[in-house]
Protein chains: 2
Amino acid sequence: MYDKELYEYKAQIVKAMAHPSRLMIIDALANNEVCVCKLQELVGGNISTVSRHLSVLKNAGIVSCRKEGLQVYYSLRVPCILNFFGCVDAVICEDAKRKQSASTVLSVK
Amino acid sequence: MYDKELYEYKAQIVKAMAHPSRLMIIDALANNEVCVCKLQELVGGNISTVSRHLSVLKNAGIVSCRKEGLQVYYSLRVPCILNFFGCVDAVICEDAKRKQSASTVLSVK
DNA sequence: TTACTAATTTGCATTATAGGCAAATAGTTT
DNA sequence: AAACTATTTGCCTATAATGCAAATTAGTAA
């Protein structure tokens with residue numbers, strides 16, 4: 001396949017987003033840069049785990065960071081990622097129309 | 001966290017896309033339904049593997065299928081998924097501006 | 001220098017995922 | 001019914017992702 005390599009590359013990026021904590025982080029970075037310490041408060045759990053998630057996102061090219069004093073601030077490098085979230089919601093809504101499982105969590109009419 | 005459950009739900013959907021063969025399948029379904037046999041030709045490999053990828057996409061609510069005679073035809077249930085692909089390309093392009101690794105595969109100027 | 005704080009990296013154990021093969025299912029044809 | 005085709009499912013092994021804890025790096029302040 002000619003573009004098999006390209007699909008592998010794309011899959012790497014999608015995979016980088018494919019974790020609840022990392023989606024939460026991306027959402028948190030929607031409007032402004034946030035330091036690791038705040039992100040830890042947000043997603044909870046061990047700081048080493050949060051740091052690992054951030055490095056996954058960074059390696060995929062989704063976020064970038066800058067250091068200011070002791071803190072490291074992360075920001076979204078490609079904001080269009082956020083548009084996608086609406087579509088994921090659409091998948092959930094479509095599903096909710098049939099099953100009931102998702103409707104409670106999204107409060108779909 | 002309030003909507004931790006929601007993020008887990010979303011991650012499931014994103015995870016379902018996070019594989020080169022499955023991205024390839026989604027792309028193939030962009031404009032029309034395609035039978036499993038054609039999809040196997042496309043992604044290659046064992047048919048049982050392809051079938052498994054399809055069931056991952058189906059469980060996530062991304063595709064649906066209908067049977068016609070001996071064949072099963074799959075189609076995209078939520079086409080907005082495709083919009084997202086442009087954004088993944090944007091991530092790759094952003095990256096290509098710095099590194100050189102991706103530029104060859106995407107032929108970015 | 002030492003002590004302190006923020007973040008990252010590394011090692012390890014646990015769990016999840018991928019892919020192949022063979023067997024099972026469902027629909028078709030004879 | 002039996003033979004045939006398309007697809008799915010169960011079982012297995014190999015590989016990758018996860019989360020925690022301990023060790024490490026980097027910046028700050030005494």
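Lettering of chains follows the sequences in order, A, B, ..., and the numbering in each one begins at 1.
Within the structure, every side-chain polar atom (N or O) of Y74(A) is placed at least 4.0 Å from both OP1 and OP2 of dA6(C). At dG19(C), one or more side-chain N or O atoms of H53(B) fall inside 4.0 Å of OP1 or OP2 (strictly under the cut-off). Y73(A) has no side-chain polar atom (N or O) that falls below the 4.0 Å cut-off from OP1 or OP2 of dA6(C).
Of the residues listed (L57(A), V63(A), L54(A)), the one engaging R22(A) in a side-chain contact (heavy atoms from CB on, under 4.5 Å) is L57(A), and it is the only one.
Residues in residues 21-43 of chain B take part in no ring pair (Phe, Tyr, Trp, His ring centres under 6.0 Å) pair, two or more places apart or across chains. Each ring pair (Phe, Tyr, Trp, His ring centres under 6.0 Å) pair with one or both residues in residues 11-41 of chain A, not counting sequence neighbours, appears once here: H19(A)-H53(A).
Looking at every heavy atom in both residues, A28(A) comes nearest to L42(A) through CB-CD2, 3.4 Å. Closest non-hydrogen pair, I13(A) versus A60(A), comes out as CG1-O, 3.9 Å.
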Worked check of side-chain contact (heavy atoms from CB on, under 4.5 Å) between C65(A) and K58(A):
CA-CA 8 Å; C65(A) 62; K58(A) 198 166 98 177; 3.5 Å; yes
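Rounded to whole Å, the distance from CG on N59(B) to P on dA18(C) is 12 Å. Taking atom CG of residue L57(B) and atom C1' of nucleotide dT17(C), one finds them 14 Å apart after rounding to whole Å.
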Would you give a per-nucleotide map of nucleotides 21-30 of chain C, 5' to 3', where B means the base has a protein non-hydrogen atom under 4.0 Å away, S means only the sugar-phosphate does, and - means neither?
BB---SBS--
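Annotation: of the two residues near DNA chain D, G45(A) and I47(B), the 5′-most nearest-nucleotide partner is I47(B). Annotation: of the two residues near DNA chain C, A18(B) and L54(A), the 5′-most nearest-nucleotide partner is L54(A).
Put simply, the side chain of V78(B) does not reach to within 4.5 Å of the side chain of V88(A), judged on heavy atoms.
Within the 4.0 angstrom heavy-atom criterion, only backbone atoms of the sugar-phosphate kind lie near K15(B); the bases stay farther away.
Fit an axis to the five pairs at each end of the helix from dT1(C)-dA30(D) to dT30(C)-dA1(D) and the two axes sit 20° apart, to the nearest 10 degrees.
Contacts of F85(B) classified as ring-ring contact (aromatic ring centres under 6.0 Å, His included), with partners at least two apart in sequence or in another chain: none.
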Side chains of residues 68-75 of chain A: which donor-acceptor pairs under 3.5 Å do they make with residues two or more places apart or in other chains?
from	atom 1	to	atom 2	distance (Å)
E68(A)	OE1	R66(A)	NH1	2.7
E68(A)	OE1	R66(A)	NH2	3.0

